[in-house]
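Everything below concerns the one structure shown next.
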Amino acid sequence: MNKKIALLAKILILTTLVTTISVTSRANEELMMQQCHNCDNPTLCLRCLSSDPASHEADKVGLARIILKCINSQLLILTKNTSTLGSHHYRNPKAAAAWKQCGLGFSTAKRGLGEADAHLITGDYDKAANDVSVKVVNPPVSCRNSLETLNIQVSSSFRYHMDVYLALTQALLRIVDRF
């Protein structure tokens with residue numbers, strides 16, 4: 001009889017635990033959908049958040065910080081591509097200068113990501129949004145505009161990563177604006 005009670009108790013505890021995890025997971029998925037809902041590309045936003053295992057336990061600020069990580073990943077790819085593509089244009093001084101400016105802009109964006117993250121941690125959301133707008137978004141946009149002005153052909157991969165980067169920064173700004 002005691003074994004049956006012990007077994008029932010274990011089953012009850014296990015059921016409660018599974019239900020709690022399921023409800024928590026569903027609640028966090030709802031929060032993720034809610035945060036990404038107003039973005040221009042909610043699928044990309046959700047994909048970014050879902051890629052981090054911590055997202056299922058994160059609050060709004062935690063989700064914003066996860067998007068910062070995704071932006072940083074795209075920035076690393078863009079920085080590497082900029083360096084590689086810039087080295088191919090050494091014979092064209094204007095193109096080489098444009099690629100160099102892109103690299104410097106990406107360095108500014110990298111610092112801006114760190115500053116925005118620090119502001120998110122301290123709860124200074126206006127400063128975080130300003131850092132993202134000025135230091136994280138502007139340099140890549142300036143890079144893209146310079147390359148287009150000079151009619152420099154960029155790879156589809158570079159364009160793709162630039163588009164993902166800018167879409168994620170836009171998503172981050174929309175999320176931070178609602179804090």
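Small disclaimer: the values here were computed from a predicted structure and weren't measured. Throughout, numbering of the chain's residues begins at 1 and tracks the sequence.
Among residue pairs with one or both ends in residues 40-50, those qualifying as salt bridge (charged side-chain N to carboxylate O under 4.0 Å, His left out) are Asp40-Arg174; sequence neighbours excluded.
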Side chain to side chain contact (heavy atoms under 4.5 Å, CB included), that's the test. Do Val176 and Leu172 meet it? Break it down for me.
CA-CA 6 Å; Val176 172; Leu172 178 63; 3.9 Å; yes

TODO: Given side chain to side chain contact (heavy atoms under 4.5 Å, CB included), test Asn138 with Ser133 step by step and report yes or no.
DONE: CA-CA 7 Å; Asn138 285 349; Ser133 293; over 6 Å; no

Derivation of the side chain to side chain contact (heavy atoms under 4.5 Å, CB included) call for Ser73 and Lys69: CA-CA 6 Å; Ser73 294; Lys69 289 179 192 176; 5.6 Å; no

Could you give me the CA-CA distance, side-chain angles and deciding distance for Val164 and Leu44, then say whether side chain to side chain contact (heavy atoms under 4.5 Å, CB included) is met?
CA-CA 8 Å; Val164 169; Leu44 179 64; 4.0 Å; yes

CA sep, side-chain torsions, deciding dist, call: Cys36, Cys45, disulfide (SG to SG under 2.5 Å): CA-CA 6 Å; Cys36 292; Cys45 178; 2.0 Å; yes

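Closest non-hydrogen pair, Thr82 versus Cys102, comes out as CG2-CB, 3.8 Å. Contact record, Ala129 with Leu173: O-CD2, 3.5 Å, taken as the closest heavy-atom pair. Of all heavy-atom pairs between Leu150 and Lys94, the closest is CD1-O, 3.6 Å. Considering every non-hydrogen atom in both Ala64 and Ile175, the closest pair reads CB-CG2, 4.3 Å. The shortest heavy-atom contact between Leu49 and Leu63 is CD2-O, 3.4 Å. Looking at every heavy atom in both residues, Pro139 comes nearest to Ala109 through CG-N, 4.4 Å.
Taking a 6.0 Å sphere around CG of Asp126, one finds it holds 12 or fewer heavy atoms contributed by other residues, nucleotides or ligands. Within 6.0 Å of CZ in Phe179 there are more than 12 heavy atoms belonging to other residues, nucleotides or ligands.
Residue Trp99 holds its CH2 atom at 10.5 Å from OG of Ser146, rounded to the nearest 0.5 Å. Atoms CG and CG, from Leu75 and Leu168 in turn, are 11.5 Å apart once rounded to the nearest 0.5 Å. One distance of note links CG of Asp52 with CZ of Arg65; it measures 10.5 Å at 0.5 Å rounding. Atom CE of residue Met162 and atom OG of residue Ser157 lie 11.5 Å apart, to the nearest 0.5 angstrom. To the nearest 0.5 Å, the span separating CG on Asp117 from CD on Glu115 amounts to 11.0 Å. Here the CG atom belonging to Asn72 is positioned 10.0 Å from the CD1 atom belonging to Ile77, to the nearest 0.5 angstrom.
One hydrophobic cluster holds both Leu78 and Tyr160 under the rule that ILVMFWY side chains link at heavy-atom gaps under 4.5 Å. Placement of Leu46 and Val61 within a single hydrophobic cluster is found when ILVMFWY residues are connected by side-chain heavy-atom separations under 4.5 Å, directly or transitively. Follow the hydrophobic side-chain contacts under 4.5 Å out from Leu113 and you reach Val141 in the same cluster. Met33 is connected to Ile66 through a chain of hydrophobic side-chain contacts under 4.5 Å among Ile, Leu, Val, Met, Phe, Trp and Tyr, so both are in one cluster.
Using modelled atom types, one side-chain atom of Thr169 and one backbone atom of Leu166 make a donor-acceptor pair closer than 3.5 Å. At distances below 3.5 Å, at least one donor-acceptor pair connects side-chain atoms of Arg178 with backbone N or O atoms of Gln35. Tyr165 contributes no side-chain N or O that, together with a main-chain N or O of Pro140, makes up a donor-acceptor pair within less than 3.5 Å.
Between Phe158 and Phe106, the ring planes are tilted. Angles from 30° to 60° get that label.
No side-chain heavy atom of Ile71 sits less than 4.5 Å from a side-chain heavy atom of Gln74. With contacts defined as side-chain heavy-atom distances shorter than 4.5 Å, the pair Arg144/Glu148 qualifies.
Between the side chains of Lys135 and Asn130, no donor N or O sits under 3.5 Å from an acceptor N or O. For Asp131 and His119, the side-chain atoms include at least one donor-acceptor pair closer than 3.5 Å.
Cys pair Cys70 and Cys48 passes the test of SG atoms under 2.5 Å apart.
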